[in-house]
Amino acid sequence: MNLILLGAPGAGKGTQAEIICEKLNIPAISTGNMIREAMKNGTEMGQKAKSFVEGGNLVPDEVVIGIIKERLALEDCQKGFILDGFPRTVPQAEALDKMGVRIDRVIDIEVPDAKIEERLSGRRVCEKCGASYHVLYKPSAKGEQCAKCGGNLIIRKDDQPATIKERLKIYHEQTEPLRGYYGRTGKLVTVQGQEDIAETSRLTLAAVEA
Ligand code: ADP
Ligand code: ZN
């Protein structure tokens, strides 16, 4: 099963990707996590991406397309995958088609902007392993430390209030048009993502199996 998760930043794509990953035993591929990892390690790509990410902007298409091309060629993707955070622009979706990647389903997780702002401002991420938490909705069982690895939980630079506004604007301008793009293929399923994680995952898994 080759899946794409669409939705605004903070819609819960990453959380749902992990749940589907466990359920179907296929890798969840997050361009955001891959970029942050590269930034942490100071690779050439990471250095290139840093100013875009921290300012709430999208990393240039050719950079993320390159990342995805390499990742999808790896052995573990041959039995299926979940794309979380890619494509985010129409040219990225076109590039995926050009690579000959077949997509079975596109799940669009819909969440109102006000809810998104609340979620992103309460988000905390593990500085060490990248696991994601929320102060109200998904607290770590270890308080200020990551429940998975014990690392410190921090606020991402791009989760600062001013940057959140900018990311939402970019989402509406550049990512939302993908609804039309995939709507035309008949593969798009929209799920409501404003309720809690359990309810959203019930809807998401139903959409995967539909
Ligand atoms: P969120 O969905 O919470 O915005 P991600 O972790 O998916 O966060 O991505 C964080 C940042 O990484 C984005 O704001 C953007 O700068 C960059 N990024 C991730 N995926 C892409 C993509 N497909 N195209 C361009 N930039 C991307
Ligand atoms: Zn961790």
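Atoms within each ligand, like the ligands themselves, are counted from 1 in listed order.
- Looking only at heavy atoms of the protein, atom 18 (N) of ligand 1 is closest to I35 CD1, 3.6 Å.
- Here the side chain of K40 pairs a donor or acceptor atom with the backbone of K128 at under 3.5 angstrom.
- Atom 26 (N) of ligand 1 has its closest protein heavy atom at V59 N, 3.0 Å.
- For atom 3 (O) of ligand 1, the closest non-hydrogen atom on the protein side is R123 NH2, 2.8 Å.
- For atom 2 (O) of ligand 1, the closest heavy atom belonging to the protein is R88 NH2, 3.0 Å.
- Ranking protein heavy atoms by distance to atom 9 (O) of ligand 1, first place goes to G32 CA, 3.6 Å.
- For R119 (side chain) and A11 (main-chain N/O), a donor-acceptor pair under 3.5 Å exists by modelled atom type.
- Using modelled atom types, no side-chain atom of R156 and backbone atom of R124 make a donor-acceptor pair closer than 3.5 Å.
- Among all non-hydrogen protein atoms, the one lying nearest atom 24 (N) of ligand 1 is Q92 NE2, 2.9 Å.
- Among all heavy-atom pairs drawn from K48 and V63, the shortest one is CD-CG2, 4.4 Å.
- Looking only at protein heavy atoms, the nearest one to atom 4 (O) of ligand 1 is R167 NH2, 2.7 Å.
- In terms of N/O distances under 3.5 Å, ligand 1 is not approached by S30.
- Nearest protein heavy-atom neighbour of atom 8 (O) of ligand 1: R156 NH2, 3.2 Å.
- Under a 3.5 Å cut-off, the side chain of Q47 and the backbone N or O of G42 do form a donor-acceptor pair.
- For ligand 1, the polar-atom distance check against G56 finds no nitrogen or oxygen pair separated by under 3.5 Å.
- By the rule that hydrophobic residues join a cluster once side-chain heavy atoms approach within less than 4.5 Å of another member, I65 and V106 end up as members of one cluster.
- In terms of polar-atom proximity, defined here as any N/O pair under 3.5 Å, N57 does make such a contact with ligand 1.
- Of the angles at the Zn ion (ligand 2), the one spanning SG of C126 and SG of C129 is 110° when given to 10°.
- For V64, every heavy-atom contact with ligand 1 shorter than 4.0 Å involves the side chain, none the backbone.
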